[in-house]
Amino acid sequence: GGGDLINLIKKNTEDGPPVGAEGAAQERRAFSAWRDAVMGVSHMHSCSVAHLDLKPQNILLSDAPDEPSKPRSMVCDFSHSFLAKGKVKTGAEPLVPTTQVGAGKYMAPEVSSGRPYSGYPADVWSLGVILYTMLTGALPFKAAAGSTDDYETLKAKGQWERVPWFSDALSLLLDRIFVTEVHVRATLDQVQQSDWWLMQRGCDEADSGGSTSAVGSEGQLFVPPPGSPLRPTGGSPPGHGHSARGSEGGNSMGFVAYD
């Protein structure tokens, strides 16, 4: 255990695409860690904070004492977060300034539009990319052979590469997440009510005899101590009056997700 999500991605995908029933097992393994991240970010949104730099490197792992095969995860690095004054439930949250960008290939298309954008849907998109990457070891917007479209063009269209072994419920969930119209994109509440989420949660409960080791409603958030390089410095709250350039240096990540 330990490390960041890249360790789990490598472990889950090093043997290539799963065969037969192994696909369902791989979805279940990914859900355990992804669920914690979703619930942690959902709690941030309920506190009027958008993360804006979600990527595998910013999701830390730890072993679950009762289920070593299902590592727990927690969200870290809030140096690019945006502290909104409005509440997520009002639908009138302040827009993130155009100077704030996220993590390269993981950021939503509206983040690079040059216009202010809502941080909450942007986080949902990034979580969708992370889930896809956890399952495949690759990024979701890959052009077909002979196509002239690049990653950013496909992302701007929401045209993600289909994976034959994905369950129908998972593909439907990703269809709801990779929506370029921000107001149509699934919210984290809707993600947690999706057929795929409820199915995976039900499997977890069955495995544990009716109870689950899932985190509480606040998820898990790693808060770095003062002076840590993961903790933002300066007088402004994280992301408020702060130009947050993604640590990926723009769109520098390759198509292999953990390069």
So Leu5 and Met134, side-chain contact (heavy atoms from CB on, under 4.5 Å) or not? Walk me through it.
CA-CA 8 Å; Leu5 198 58; Met134 291 174 69; 3.8 Å; yes

Main-chain N/O of Leu60 paired to Asp4 side chain as donor or acceptor, under 3.5 Å:
no

Thr133 side-chain N/O to Ala138 backbone N/O, donor-acceptor pair under 3.5 Å:
yes

Heavy atoms only: give me the nearest Gln159-Phe141 pair and the separation to one decimal.
O-CD2, 3.3 Å

For a 4.5 angstrom cut-off between non-hydrogen side-chain atoms, does Trp125 reach Met107?
no

Step by step, would you call Met44 with Ser81 a side-chain contact (heavy atoms from CB on, under 4.5 Å)?
CA-CA 10 Å; Met44 291 180 66; Ser81 299; 4.0 Å; yes

Distance in Å, Asn58 CG paired with His80 NE2, rounded so as to fall on 0.5 Å steps
8.0 Å

Using 0.5 Å steps for rounding, measure from the CZ atom of Arg29 to the CG atom of Leu8.
9.0 Å

From CZ (Arg35) to CZ (Arg201), nearest 0.5 Å
10.0 Å

Is there a side-chain contact (heavy atoms from CB on, under 4.5 Å) between Tyr120 and Ser42 once you walk through the steps?
CA-CA 9 Å; Tyr120 305 130; Ser42 181; over 6 Å; no

Close side-chain approach of Glu161 to Thr136, heavy-atom, < 4.5 Å
no

Backbone N or O of Val179 within a donor-acceptor pair of the Arg185 side chain at under 3.5 Å?
yes

Taking salt bridge (charged side-chain N to carboxylate O under 4.0 Å, His left out) as the test, write out the residues that go with Asp175, two or more places apart.
Arg162

Closest approach of Thr13 to Ile9 (non-hydrogen atoms, all atoms of both residues):
OG1-O, 2.7 Å

Which residues satisfy the salt bridge (charged side-chain N to carboxylate O under 4.0 Å, His left out) test with Arg176, sequence neighbours excluded?
none

Write down the atom of Ala122, the atom of Tyr117, and the distance for their closest heavy-atom approach.
CB-CE1, 4.1 Å

Can you measure from CG (Asp36) to OG (Ser62) and round to the nearest 0.5 angstrom?
8.0 Å

Does Lys55 offer a backbone N or O that forms a donor-acceptor pair with the side chain of Asp53 under 3.5 Å?
no

When hydrophobic residues are tied together by side-chain contacts of less than 4.5 Å, even through go-betweens, does Leu54 share a cluster with Tyr151?
yes

Identify whether Phe178 and Leu172 are in the same connected component of the hydrophobic contact network (ILVMFWY, side-chain heavy atoms under 4.5 Å).
no

When you compare the side chain of Tyr106 with that of Leu139, does any pair of heavy atoms fall below 4.5 Å?
yes

Rounding to 0.5 Å, atoms CG (Asp77) and CG (Leu52) come to a distance of 11.5 Å

Restricting to non-hydrogen atoms, name the atom on Thr180 and the atom on Gly158 that form the minimum distance, rounded to 0.1 Å.
CG2-N, 3.7 Å

Below 4.5 Å, heavy atoms only, C-beta onward: do Thr187 and Gln190 meet side chain to side chain?
yes

Quick one: closest heavy-atom pair of Leu174 and Gly128, and the distance?
CD2-O, 4.0 Å

What distance separates Leu154 CG from Lys142 NZ, expressed to the nearest 0.5 Å?
11.5 Å

Check whether Gln192 reaches the backbone of Leu188 with its side chain - one donor and one acceptor, N or O, closer than 3.5 Å.
yes

Side chain of Ser46, backbone of His43: donor and acceptor closer than 3.5 Å?
yes

Can you see whether Trp196 engages Glu27 through a side-chain donor-acceptor pair at a distance of less than 3.5 angstrom?
yes

Would a line drawn from the ring center of Phe166 to the ring center of Tyr132 be shorter than 6.0 Å?
yes

Between Leu127 and Ala37 the two heavy atoms that sit nearest each other are CD2-CB, 4.3 Å

Determine whether Glu181 and Glu110 make a side-chain contact, defined as any pair of heavy atoms from C-beta on separated by less than 4.5 Å.
no

What I'd like to find out is whether the side chain of Val96 reaches to under 4.5 Å of the side chain of Ser118, using heavy atoms alone.
no

Side-chain contact, heavy-atom cut-off 4.5 Å: Leu170 with Leu131?
yes

Decide side chain to side chain donor-acceptor pair (under 3.5 Å) for Thr153 and Asp150; before the verdict, give the C-alpha distance in whole Å, the side-chain angles of both, and the deciding distance to 0.1 Å.
CA-CA 5 Å; Thr153 300; Asp150 60 13; 2.7 Å; yes

With a 4.5 Å cut-off on side-chain heavy-atom distances among I, L, V, M, F, W and Y, is there a chain of contacts connecting Leu173 to Met199?
yes

Has the side chain of His45 got a donor or acceptor atom that lies under 3.5 Å from a matching backbone atom of Gly119?
no

Do Trp34 and Gln200 have side chains that approach each other closer than 4.5 Å (heavy atoms only, starting at C-beta)?
no

